[in-house]
Amino acid sequence: MTTAERPATSPTAPAPLLDVRDLHVVFRTRDGIAHAVNGVSYRVEQGRTLAVLGESGSGKSVTAQAVMGILDTPPGEITSGEIRFHGRDLLTLPEKERRTLRGAQMAMVFQDALSALNPVLSVGDQIAEMFTVHRGMSTRQARERAVELMERVGIPAARERVRQYPHQFSGGMRQRIMIAMALALEPALVIADEPTTALDVTVQAQVMELLAQLQAELNTGLVLITHDLGVVADVADHIAVMYAGRIVESAPVHDLYRAPAHPYTRALLDSIPRLDRKGRSLHAIAGLPPNLTAIPPGCAFHPRCPLARAVCRTDEPPLYEVNSERGSACHFWRETLEGGTGHE
Ligand code: ADP
Ligand code: MG
């Protein structure tokens, strides 16, 4: 299970795979201090998928970069919090040990494979390198594993194409190659940051299906970052909704779809195109996300919120416990929850 608000488990329970606690990240820029991540906590267990959802600029990628240890520092800086992986706090780990963890135990799939892959190395050599560096295989053995892996992620004629370069593949095939590399060493945790956003809609579904299938087969813990609520319903167990660097709602996927407990989540759900709403225009959420150098006082969402009242402009809502699996950072979560959505 992957809740954002659960307290520490009993001393006998195994530590969760990933346990992010009260993480704060700032960027020191010429325009001031951008508060990109403002107290994010979430957990991911082995074999489970946590979807992280929110508009562009809400801090999804920065949180992921902090977990992976690839934050752009400076200008970025983790000012407080813990990131525990199998119970060990990664933020106090020497860089050398973190580097060993990356690739072998935790890996990332990016939105844009073309910039993530090395343009001057064949895809086969890039995959094979995972096995020579981390597993000490011979070049020949590693090559063979690369071909197998390319077959496994559905690349036709893998034995021939293993010698080709990234630019010789279509966007969808490149994304499959990046997934192959991320999963090559069967890491316990994969973070996929908008892995299908750059692809055509039909290809998006195939790539997402592949990722979900491999995740299940390998029992990987998966953090799936997306701004597309449509794709998460089928693949995620739990959702964390982010706004202005905070988690504003955390819930099992189906509970959240049935009835959101935060007006921002409701607005996101209402912005999904639905078959039964054909002909109605798709409405985006009115207003803009806040400037992170000047986040509004009280609830950061209040300037855009249809339910906002005086208290919302002054008091920052904590993540209220809706039930043991759910939290909402809305003073009026009860009202919001009762509204439902009809998304079954
Ligand atoms: P998203 O939710 O779209 O993934 P990000 O986590 O990438 O958002 O970014 C959150 C905010 O962090 C950005 O809006 C920006 O203010 C700040 N930020 C991210 N990366 C940088 C950077 N390299 N330099 C300065 N600010 C950054
Ligand atoms: Mg992002």
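Ligands are counted one by one from 1 in listed order, and the atoms in each one are counted from 1 as well. Residues: numbered from 1 along the sequence shown.
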Q: Polar contacts were defined as any N/O atom of the residue lying under 3.5 Å from an N/O atom of the ligand; does this apply to Gly59 and ligand 1?
A: yes
Q: Indicate yes or no for a side-chain donor-acceptor contact from Asp89 to the backbone of Ile83 under 3.5 Å, with no hydrogens or angles considered.
A: yes
Q: So does Glu148 have more than 12 non-hydrogen atoms from other groups sitting under 6.0 Å from CD?
A: yes
Q: Which residue owns the protein heavy atom closest to atom 3 (O) of ligand 1, what's the atom, and how far is it?
A: Gly57 N, 2.7 Å
Q: I need the atoms of ligand 1 closer than 4.0 Å to a non-hydrogen atom of Asp72, numbered in the order shown.
A: 23 (N)
Q: Going through the distances and angles, do His262 and Thr336 end up as a side chain to side chain donor-acceptor pair (under 3.5 Å)?
A: CA-CA 6 Å; His262 195 287; Thr336 309; over 6 Å; no
Q: Tell me, which protein residue and heavy-atom name are nearest atom 25 (C) of ligand 1, and how many Å apart are they?
A: Phe27 CD2, 3.5 Å
Q: Output the list of atoms in ligand 1 that are nearer than 4.0 Å to some heavy atom of Ser56, sorted by atom number.
A: 3 (O)
Q: Please lay out, stage by stage, how Ser80 and His24 fare under the test side chain to side chain donor-acceptor pair (under 3.5 Å).
A: CA-CA 5 Å; Ser80 62; His24 288 75; 3.2 Å; yes
Q: Check this for me - ligand 1, Ser58, N or O atoms closer than 3.5 angstrom, yes or no?
A: yes
Q: Which one holds for Leu292 and ligand 1: side chain close, backbone close, both close, or neither close, with close meaning a heavy atom under 4.0 Å?
A: side chain
Q: Atoms of ligand 1 less than 4.0 Å from Pro75 heavy atoms?
A: 24 (N)
Q: May I ask you to check if ligand 1 and Ser61 share an N or O to N or O distance below 3.5 Å?
A: yes
Q: Whether the side chain of Arg145 engages the backbone of Ala128 through a donor-acceptor N/O pair (distance < 3.5 Å, no angle test) should be reported.
A: no
Q: Distance under 4.0 Å to a non-hydrogen atom of Ala36: what atoms of ligand 1 satisfy this?
A: 11 (C), 12 (O)
Q: Please confirm whether Val62 comes within less than 3.5 Å of ligand 1 when only nitrogen or oxygen atoms on both sides are compared.
A: yes
Q: Please test Glu144 against Arg159 for salt bridge (Lys or Arg N to Asp or Glu O under 4.0 Å), starting from the C-alpha separation and ending with a verdict.
A: CA-CA 9 Å; Glu144 202 48 43; Arg159 195 163 292 280; 2.9 Å; yes
Q: A cation-pi test, strictly: NZ or CZ of Arg161 under 6.0 Å from the centre of the six-membered ring of Phe169 and no more than 45 degrees from its axis. Yes or no?
A: yes
Q: Under 2.8 Å from the Mg ion (ligand 2), is there any N, O or S atom belonging to Ser61?
A: yes
Q: What's the separation between atom CD1 in Ile225 and atom CD in Glu194, rounded to the nearest 0.5 Å?
A: 7.5 Å
